[in-house]
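Okay, structure first, notes after.
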Amino acid sequence: MPFKNVLVYSLTQPLDLHQLADKLNEREFKPCAATDSMSVDWAKPAEFLQENNLVYRIGQYDLIALKTESKVLPAASINKILIEKITEIESREQRRVKGRERADLKDQIIHELLPRAFSKESVTMAYVDRMKHQIVVNASSASAAEKLLSHLRKAIGSLPAGCAVGCRKQRAWHNHRLGQRPLSRRICARQ
């Protein structure tokens, strides 16, 4: 899969890559259980890899993948069932349903619907360049890249990474070319 959007992070200290595969294998992705709303962990970056191989090494690069599975529950469906239950309680018991009870009913409905909900999967890819001491994340937003980096930090203990030199200016220049805020204000806002 080609990288379409990249955010480059430089490693301020060398990363112990011998333990990377072992640490990621300890945190292998498991699908959502019936009552879980989300599951996030490491998956195989390529389909042809063996079961316990979550790092694909090509020369100086280590390819990794963070997989996210979340259950999709439309708010409109939850609210429809909630209103039905509230009207049933109000007509049966001749009283108004207050805020705390309403919230408890909503949680109960979500808990009942989660096992039947559709799941949505997404994969964020990245590679570690061992020669340039960089992590390149295939993500269009900094928050998606930071999600991958924070899970990598949890897996290996610490991750001495910061935005690569010039990446703020590159993003600012790119956004300026797309007609967004002026370049000078864009650079100042990011720093």
Side-chain angles (χ1 to χ4, degrees), residues 1-7 9 22-47 49-55 63-126 135 137-159 161 163 171 175 178-181 186 189-190:
M1 177 168 81
F3 281 27
K4 295 181 181 178
N5 300 298
V6 294
L7 293 172
Y9 294 87
D22 295 332
K23 297 283 188 175
L24 294 187
N25 284 335
E26 293 172 6
R27 301 171 82 70
E28 188 171 1
F29 176 79
K30 294 174 188 69
C32 286
T35 57
D36 291 342
S37 62
M38 181 179 279
S39 177
V40 181
D41 249 321
W42 300 100
K44 295 187 299 184
E47 287 300 316
L49 294 175
Q50 295 176 358
E51 189 94 8
N52 291 333
N53 194 0
L54 302 181
V55 178
L63 187 64
I64 56 176
L66 183 72
K67 187 172 184 177
T68 304
E69 180 184 14
S70 58
K71 298 280 182 94
V72 179
L73 286 174
S77 299
I78 294 170
N79 289 333
K80 179 183 174 189
I81 296 170
L82 179 64
I83 290 170
E84 290 172 0
K85 285 194 177 201
I86 287 173
T87 54
E88 177 188 327
I89 290 171
E90 288 178 347
S91 65
R92 186 180 59 216
E93 298 179 9
Q94 298 297 316
R95 65 177 180 85
R96 303 240 341 128
V97 175
K98 303 278 174 145
R100 176 73 180 193
E101 186 180 5
R102 184 184 194 105
D104 290 342
L105 280 172
K106 188 172 185 176
D107 288 342
Q108 179 185 354
I109 292 167
I110 290 171
H111 188 70
E112 290 172 4
L113 292 178
L114 270 177
R116 296 182 286 159
F118 290 111
S119 59
K120 177 181 154 188
E121 292 183 354
S122 65
V123 177
T124 305
M125 304 285 287
I135 297 176
V137 183
N138 184 21
S140 60
S141 68
S143 63
E146 188 56 43
K147 180 179 174 182
L148 181 134
L149 292 177
S150 71
H151 276 80
L152 191 56
R153 272 187 203 99
K154 287 178 190 174
I156 63 175
S158 68
L159 184 66
C163 193
R171 274 189 254 146
N175 289 334
L178 293 176
Q180 295 177 355
R181 290 186 357 209
R186 188 76 177 166
R190 292 260 186 204

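Taking CZ of R27 as the start and CD1 of I156 as the end, the distance is 11.0 Å to the nearest 0.5 Å. The CZ atom of R116 sits 10.0 Å away from atom CG of L114, with the distance rounded to the nearest 0.5 Å. To the nearest 0.5 Å, atoms CD1 (I64) and CG (L152) are separated by 5.0 Å. From I86, atom CD1 reaches atom NZ of K106 across 10.0 Å, with rounding to the nearest 0.5 Å. Remark: I89 CD1 to R102 CZ distance equals 10.5 Å, nearest 0.5 Å. Going from atom CG of L82 over to atom CD of Q108 covers 10.0 Å, rounded to the nearest 0.5 Å.
Atom NZ of K85 is surrounded by more than 12 heavy atoms from other residues, nucleotides or ligands within 6.0 Å. Around the CZ atom of R95, the shell of radius 6.0 Å holds more than 12 heavy atoms that belong to other residues, nucleotides or ligands. Around CZ of R96, the count of heavy atoms belonging to other residues, nucleotides or ligands within 6.0 Å does not exceed 12.
When all heavy atoms are compared, the tightest approach of W42 to L148 is CH2-O, 3.9 Å. In plain terms, the two heavy atoms of L66 and D41 that are nearest each other are CD1-O, 3.6 Å. The two residues A117 and V72 make their nearest non-hydrogen contact at CB-O, 3.6 Å. When all heavy atoms of A144 and A139 are compared, the pair lying nearest together is CB-CB, 3.9 Å. Contact record, P45 with M125: O-CE, 3.5 Å, taken as the closest heavy-atom pair. The heavy-atom pair separating M38 from S70 by the smallest distance is CE-CB, 4.0 Å.
Salt bridge annotation for R153-E146: present, with a cationic side-chain nitrogen under 4.0 angstrom from a carboxylate oxygen.
Looking at N53, its side chain never comes within 3.5 Å of a backbone N or O of K44 through a donor-acceptor pair. Looking at S39, its side chain never comes within 3.5 Å of a backbone N or O of E69 through a donor-acceptor pair. A donor-acceptor pair is defined here as one N or O able to donate and one able to accept, closer than 3.5 Å; such a pair exists between the side chain of H151 and the backbone of K147.
Counting heavy atoms from C-beta on, the side chains of V137 and N5 never come closer than 4.5 Å.
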